[in-house]
Number of protein chains: 2
Amino acid sequence: MRRSAPTSQDVARLAGVSQSTVSYVLTGSRPISAATRRRVEEAIEKLGYHPNSGARALRSRRSGVIGLMVPEAFGNDAVLMRFVGAIAREAQRFGYDILLVTAQEGARGIHRVVRTGVCEALILMELGRHDERVAAVIEAGLPFVLIGKPVGFPNGSVVDLDFERLGRMVVDRAADEGCERLLLFGEPGHRRHRNDVSRFLLGIEEQAQGRGLEVVLDAGDLPDVPARARELARGGRRTAVFGLNGVTEVLFATAASGALADPELLPLALTDEDLAAISPLLARIPRIDPRRVEISELAVRELVRLLREDGASPRVTLVEPEWVDPDRAGQERPGQERPGQDGGEHGSTPTG
Amino acid sequence: MRRSAPTSQDVARLAGVSQSTVSYVLTGSRPISAATRRRVEEAIEKLGYHPNSGARALRSRRSGVIGLMVPEAFGNDAVLMRFVGAIAREAQRFGYDILLVTAQEGARGIHRVVRTGVCEALILMELGRHDERVAAVIEAGLPFVLIGKPVGFPNGSVVDLDFERLGRMVVDRAADEGCERLLLFGEPGHRRHRNDVSRFLLGIEEQAQGRGLEVVLDAGDLPDVPARARELARGGRRTAVFGLNGVTEVLFATAASGALADPELLPLALTDEDLAAISPLLARIPRIDPRRVEISELAVRELVRLLREDGASPRVTLVEPEWVDPDRAGQERPGQERPGQDGGEHGSTPTG
DNA sequence: TTGTACGCGTTATCAG
DNA sequence: CTGATAACGCGTACAA
């Protein structure tokens, strides 16, 4: 039978002070003499004291827990992992823990964790176009951040990759390299309902018009891709190929089965993997870094800002995609800077 | 300014009963007349009442939260995702939430979440051979389950794939198909320190001896794989190739670049992906399902068992790997049953 | 600069 | 079958 955890009472006794003094040392909400502070801290150390989170949450209405609502598909999409890991680590840095809430629970899940007081803030991922959870989280009234920007969402903080710009970047690259055609994998046309895809296509279409590029939206299912790419390339017009999200790695590895050897094809990838490290066949593929770690960290920091500065108004932060080009040796080098951007996030626009 | 969440007092007032009656209706720890129960439940529904988790945890010492300690590499290894998603969903089913604890925090992290009382139970993943966290979680004294079986770990509950059997299965398959050589990718020889790899190799070596199969442990880095496979196959002796964990998908897609077309090579994969759906090139690869979802669910259920039945002694549960063979049409069919196993978990051995 | 006392919302032990 | 009441451990207004 193990003894139960020490309380602030125990610490107070050991340090020869009152319980409230211990509390004040911890919260720092009142000046404490250096001498007693030291005695208290020693006692804390000696006992291995940690304040009881239940009691603290009950009293202060702050649980130190951030809820992270992960998509339904969580578990099938490897990409989400990067976000979750980075979010957990960054939250830790600020003294918060991450609680998983499955999207399966929907709006009810939000109400649940809010009403029970388990979470004092929320991060939502991969919202649909008209998502019930947005209303729920606003009504809940606690600080929240969305990862993944809805098309015109104004009433809250958002952090996301700048997908419109991504679209333009892809078109520009293709055109700059002399392509007359752009082939998009992963069925973006069928996924317009997704916010990221929809914004991406906006950028694509807008820029393609200006650069006179033909865009082929839906190149078929994954297994059809290599054949389709080859067939198009046979036309003799140089063609760029690009795929969005998770499928990318597999897609290109697949395409590498032969289609990509064609000099008429310019493959471009959106991935945070170092492709050259996977296979020399992929080494020549220029990629765009989706900056998922940065996005995650920014989301946490934005949430912390909302939690700490009170009366803080929400912000929309779009992170710049970055080219990572392989050089001749097959080693990667950092993407070139372009005029008017420093490779960091750009728009940080107030909204509320 | 939104009003704060309703309390059991509010419910009691509305239902015209005392506060404690509300509590008893919720916990069911005392018989309540059908009439008052109904009135209370209506009041709860009308107010949207949820019991405050802080107060509940403070009083009952049960937080309803299970801590999940994820590996350092969390975010780089897509495979872990499957576990986390399935764990979160299954925990939900039993009324628990999952709190992420990063392995970065090490043993201190365990002490922290235990002492603060945030978690009432723990799941640990990917423990090293001599992991400080095992001692920490045992000392902490609360229920825990390990996903990933240490070589000889006795004092706690464990759920894992039967990696020794996996090794034997791979060897048997290779031998049955007339291979004289087995080529292992993913540098298992360099990763013997990992529990799963070490047990896998145990099974491999043991069985390879009996079947007279030559085993090549470290076939180089990922990009070298195709060349190495081809070179070996040129010897004219039929060769099976197999890779452990995460890398598998990419690995085989890479190898598909040509090496796998060689009839002298028998590729075998450990993956939960339907390879045929990714590319027809991968369609003929027989795979072993690592059963990560089942493992996750079993881990949660084992933890719930430890939490609910008190005095329950820990169990080691090894889940059977399963062959999933592609048939002629490229469609997958369920793996064959073998004598003495029903495709479910086999050994559920008491340990304590 | 420190100590005292109260209450956060629950669960559980008393009576009735 | 139900109602009062005492903790649980901490944060903070008030008193010293």
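Here is the naming used below: chain letters follow the sequence lines, and residue numbers restart at 1 for every chain.
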Problem set entry | Candidate list A/Val113, A/Leu146, A/Leu303, A/Leu99, test side-chain contact (heavy atoms from CB on, under 4.5 Å), partner A/Leu122, passing option | A/Val113
Exercise. For A/Arg56 and D/dC10, is the shortest distance between a side-chain N/O and OP1 or OP2 below 4.0 Å?
Worked result: no
Exercise. Passes salt bridge (charged side-chain N to carboxylate O under 4.0 Å, His left out), B/Lys46 versus B/Glu42? Steps please.
Worked result: CA-CA 6 Å; B/Lys46 169 171 291 177; B/Glu42 278 171 18; over 6 Å; no
Problem set entry | Touch class at under 4.0 angstrom, heavy-atom based, for B/Ser23 against every strand present | base
Exercise. When we call it a touch if two heavy atoms are under 4.0 Å apart, what does B/Ser29 touch: a base, just sugar-phosphate, or nothing?
Worked result: nothing
Exercise. Can you check the B/Arg13 CZ to D/dG3 C1' distance for me, whole Å?
Worked result: 16 Å
Seminar exercise, completed: Output for pair (A/Ser296 OG, A/Met125 CE), nearest 0.5 Å, gives 6.5 Å
Problem set entry | NZ/NE/NH1/NH2 to OD/OE distance under 4.0 Å, B/Glu41 and B/Arg38 | no
For this session: Could you tell me the separation between the CG atom of A/Leu58 and the P atom of C/dT11, rounded to a whole number of Å?
Result: 12 Å
Exercise. So does B/Ser8 get a side-chain nitrogen or oxygen closer than 4.0 Å to the phosphate oxygens (OP1/OP2) of C/dG9?
Worked result: no
Exercise. Whole-Å distance between D/dG11 C1' and A/Asn52 CG?
Worked result: 13 Å
Seminar exercise, completed: Of C/dT11, D/dT12, D/dT2, the nucleotide closest to the side chain of B/Gln19 is C/dT11
Problem set entry | Interatomic distance, B/Arg38 CZ vs D/dC1 C1' [rounded to whole Å] | 18 Å
Exercise. Under 3.5 Å, is there a donor-acceptor pair linking the side chains of A/Gln92 and B/Glu105?
Worked result: yes
For this session: Report which part of the nucleic acid A/Thr7 touches: base, sugar-phosphate, or nothing (heavy-atom distance under 4.0 Å, all strands).
Result: sugar-phosphate
Problem set entry | Closest listed nucleotide, where the reference is the side chain of A/Ser33 and the choices are D/dC10, C/dG9, C/dT2 | C/dT2
Problem set entry | Candidates C/dG3, D/dG11, C/dT11 - which lies nearest the side chain of A/Thr27 | D/dG11
Problem set entry | Side-chain N,O (B/Ser20) to OP1/OP2 (C/dA12) below 4.0 Å | no
For this session: For B/Arg62, look at atom CZ and say whether over 12 heavy atoms of other residues, nucleotides or ligands are found less than 6.0 Å away.
Result: no
Exercise. According to a strict under-4.0 Å criterion, is A/Arg61 in side-chain N/O contact with OP1 or OP2 of C/dG9?
Worked result: yes
Problem set entry | Short side-chain N/O contact from A/Tyr24 to OP1 or OP2 of C/dT4, under 4.0 Å | no
For this session: Would you state whether a donor and an acceptor, one from the side chain of A/Arg30 and one from the base of C/dG3, lie under 3.5 Å apart?
Result: yes
Problem set entry | Heavy-atom donor-acceptor pair, B/Arg59 side-chain to C/dT11 base, under 3.5 Å | yes
Exercise. Could a donor-acceptor pair under 3.5 angstrom be found where the side chain of A/Arg115 meets the base of C/dG9?
Worked result: no
For this session: Looking at every strand, decide which applies to A/Val17 at a 4.0 Å heavy-atom threshold: base, sugar-phosphate, or nothing.
Result: sugar-phosphate
Exercise. Closest nucleotide of DNA chain D for A/Gln9 versus for B/Ala34: which of these residues is on the 5' side?
Worked result: B/Ala34
Seminar exercise, completed: Atom CD1 of A/Ile44 and atom P of D/dC10 are separated, to the nearest Å, by 10 Å
For this session: Using a 4.0 Å heavy-atom cut-off across all strands, classify A/Leu26 as base, sugar-phosphate, or nothing.
Result: nothing
